[in-house]
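Let me begin by presenting the structure, written as structure tokens, before commenting on it.
Numbers restart at 1 for each chain; the letters A, B, ... are given by sequence-line order, proteins then strands.
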Protein chains: 2
Amino acid sequence: MDEQKSNRRRGEVLESAILQAAWEEFSDLGYAHLTMESVAARAKTNKAVLYRRWSNKAELIRAALHIYLPKPMTVIPDTGNLRNDVVLYLRGLAEPLQIVGADAIHALIGELLNKSLISAIPPILQPGTESKLGAAMLTILKNAEKRGEINLAQMSPRIISLPLDLFRYEVLSRHEPVSDKTITEIVDVIFMPLLK
Amino acid sequence: MDEQKSNRRRGEVLESAILQAAWEEFSDLGYAHLTMESVAARAKTNKAVLYRRWSNKAELIRAALHIYLPKPMTVIPDTGNLRNDVVLYLRGLAEPLQIVGADAIHALIGELLNKSLISAIPPILQPGTESKLGAAMLTILKNAEKRGEINLAQMSPRIISLPLDLFRYEVLSRHEPVSDKTITEIVDVIFMPLLK
DNA sequence: CATATTAGAAACGGTTAAGTATCTTATTTG
DNA sequence: CAAATAAGATACTTAACCGTTTCTAATATG
């Protein structure tokens with residue numbers, strides 16, 4: 001007998017449990033359909049505890065996304081081969097999506113027009129972040145130019161942004177992580193053949 | 001003096017005014033933020049009149065979309081030239097979007113995950129309608145094959161769907177009608193060069 | 001002109017969920 | 001071990017908005 005009479009969580013332990021519950025509710029239901037009650041219930045606590053830490057629903061969910069969404073990779077591949085660099089670049093974009101999984105991607109896409117969450121949405125899904133993500137691509141292409149693989153000046157901007165555009169389309173239309181097969185197809189069937 | 005003491009609308013006149021108000025509210029606010037009250041107010045009538053005609057909000061908005069969203073074109077271009085056929089095909093997709101305008105496109109994209117409206121969303125925005133829209137593209141390509149312009153059997157499916165994919169990406173990412181410049185770029189800079 | 005329709009107006013009831021307040025009780029800390 | 005802290009539980013307030021109801025008055029129709 002003599003079970004633990006209770007096991008009241010406090011501080012960081014409780015906070016982490018709440019943030020995890022918030023993340024799961026978000027993945028399962030999306031922002032609009034989750035409620036503070038449902039998050040509290042999932043974390044086996046109650047609303048008041050939530051409001052003691054975050055002043056409203058948007059702040060709670062932003063905090064959960066901040067923790068659970070992987071940060072995008074920053075290293076720019078430089079293998080001495082354009083084709084491989086582009087594949088690795090796209091794989092670097094795909095990896096975070098594989099970690100979060102299809103449910104969360106679906107939920108995130110549903111929030112693309114939600115102003116109170118937009119800052120927490122990964123750049124790969126966000127409109128208007130072309131330049132930021134495109135910068136890495138440009139570096140890859142400049143490296144290829146140094147090796148004499150391409151002539152950057154005579155490449156159309158549309159071709160330059162094509163790998164990223166197709167990658168994004170894949171995510172936006174399928175709502176799931178982008179497969180390796182898709183990545184190599186984008187590069188080998190579309191992008192590379194366009195470089196003459 | 002002697003103004004018209006009143007001018008109470010009835011029947012079809014009133015119904016059209018309500019549907020127009022519903023369409024405008026939808027374009028301005030999106031489904032989630034428009035209310036039956038706001039539609040009634042915009043149509044200068046009241047909620048009860050709306051509920052006498054449509055049993056709920058979803059039905060009202062579906063009816064409005066049904067009227068105000070142009071039906072997609074059905075004719076498949078056959079000019080004797082592949083490049084021109086594909087440009088005309090994409091223009092046929094762009095035309096309805098130009099009619100509805102950027103605000104409505106934005107609102108429609110916001111509803112892509114809304115089950116009660118999804119059937120009213122134009123195929124060009126809807127996921128899972130590739131085959132329907134792609135059929136026209138396939139016919140165009142078969143015609144080109146008959147003329148000896150291409151060999152369909154050795155074309156990757158990814159290249160076949162590329163014009164449509166890029167068109168869709170353009171709409172999904174920019175939330176506005178697709179310009180003619182973009183269409184010709186997709187065809188002349190990307191698609192045609194990939195056919196050897 | 002009499003009668004049936006249907007619009008106008010306004011109040012009402014129900015639901016959902018956000019956010020607050022209060023009180024009790026477990027656990028930490030000095 | 002006493003006092004402070006923070007969790008648990010629950011009730012409450014507020015707000016938005018859907019959908020209904022009821023009553024009055026305008027207008028169409030026979």
Side-chain angles (χ1 to χ4, degrees), chain A residues 1-26 28-65 107 110-111 114-117, chain B residues 2-22 24-26 28-65 107 110-111 114-117:
Chain A
M1 336 290 90
D2 203 333
E3 308 216 12
Q4 55 204 12
K5 337 193 141 204
S6 106
N7 218 345
R8 188 176 279 193
R9 296 162 300 177
R10 301 199 153 207
E12 294 204 349
V13 175
L14 179 57
E15 186 156 328
S16 298
I18 294 167
L19 287 167
Q20 184 181 340
W23 165 249
E24 290 169 3
E25 284 287 297
F26 178 80
D28 286 359
L29 306 174
Y31 184 75
H33 292 100
L34 72 83
T35 70
M36 296 300 264
E37 295 267 359
S38 73
V39 172
R42 187 161 204 151
K44 297 200 199 311
T45 180
N46 61 80
K47 266 201 303 185
V49 177
L50 274 57
Y51 280 104
R52 280 174 201 135
R53 291 175 161 76
W54 301 277
S55 62
N56 56 54
K57 177 171 159 177
E59 275 200 17
L60 167 61
I61 300 305
R62 271 197 300 269
L65 295 184
E111 300 312 325
N114 180 340
K115 283 182 183 162
S116 67
L117 285 191
Chain B
D2 204 333
E3 309 217 12
Q4 55 205 13
K5 338 193 139 201
S6 107
N7 215 346
R8 188 175 280 194
R9 296 161 301 177
R10 303 199 152 207
E12 296 204 349
V13 175
L14 180 56
E15 186 156 327
S16 298
I18 294 167
L19 287 167
Q20 183 181 341
E24 289 170 2
E25 285 286 296
F26 178 81
D28 286 358
L29 305 174
Y31 184 76
H33 291 101
L34 71 82
T35 70
M36 295 300 264
E37 295 267 359
S38 73
V39 172
R42 186 162 203 149
K44 295 200 200 312
T45 180
N46 62 80
K47 268 203 301 185
V49 176
L50 274 58
Y51 280 104
R52 281 176 201 133
R53 291 176 160 75
W54 302 276
S55 62
N56 57 52
K57 178 170 157 176
E59 276 201 18
L60 167 59
I61 300 304
R62 271 197 300 271
L65 296 184
E111 300 312 324
N114 180 339
K115 284 182 182 160
S116 69
L117 284 191

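Protein atom CG of A/Leu34 is 12 Å distant from nucleotide atom P of C/dG19, rounded to whole Å. Here D/dC17 presents its P atom at 11 Å from CD of B/Glu25, a figure rounded to the nearest Å. Atom pair A/His33:NE2 and C/dA18:P shows a separation of 12 Å (rounding to whole Å applied). In this structure, OH of A/Tyr51 is placed 17 Å from P of D/dG8, rounded to the nearest angstrom. Here D/dA7 presents its C1' atom at 10 Å from CD1 of A/Ile18, a figure rounded to the nearest Å. A/Glu12 places its CD atom 19 Å from the P atom of C/dT27, with the value rounded to the nearest Å. Summarising the geometry, the separation between CD on A/Glu59 and P on C/dA18 is reported as 15 Å, rounded to the nearest angstrom. Following rounding to the nearest Å, A/Leu50 (CG) and D/dA6 (C1') show an atom-to-atom distance of 14 Å.
The shortest heavy-atom contact between B/Ala21 and B/Val39 is CB-O, 3.7 Å.
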Indicate for each nucleotide in nucleotides 4-13 of chain C, in 5' to 3' sequence, whether protein heavy atoms under 4.0 Å reach the base (B), only the sugar-phosphate (S), or nothing (-). -BBBBB----

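Listed by chain and number, the residues in a salt bridge (charged side-chain N to carboxylate O under 4.0 Å, His left out) with A/Lys47 are A/Glu37 (sequence neighbours excluded). For B/Glu111, the side-chain hydrogen bond (donor to acceptor under 3.5 Å, both in side chains) test picks out B/Asn114, with sequence neighbours left out. The ring pair (Phe, Tyr, Trp, His ring centres under 6.0 Å) search around A/Trp23 returns A/Tyr68, not counting sequence neighbours. B/Arg62 is linked by a side-chain hydrogen bond (donor to acceptor under 3.5 Å, both in side chains) to nothing, counting only residues two or more places apart in sequence or in another chain.
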Cut-off 3.5 Å, no hydrogens considered: what does the side-chain donor-acceptor table look like for residues 11-18 of chain B, sequence neighbours left out?
residue: B/Glu15; atom: OE1; partner: B/Arg53; partner atom: NE; Å: 3.1
residue: B/Ser16; atom: OG; partner: B/Glu12; partner atom: O; Å: 2.9

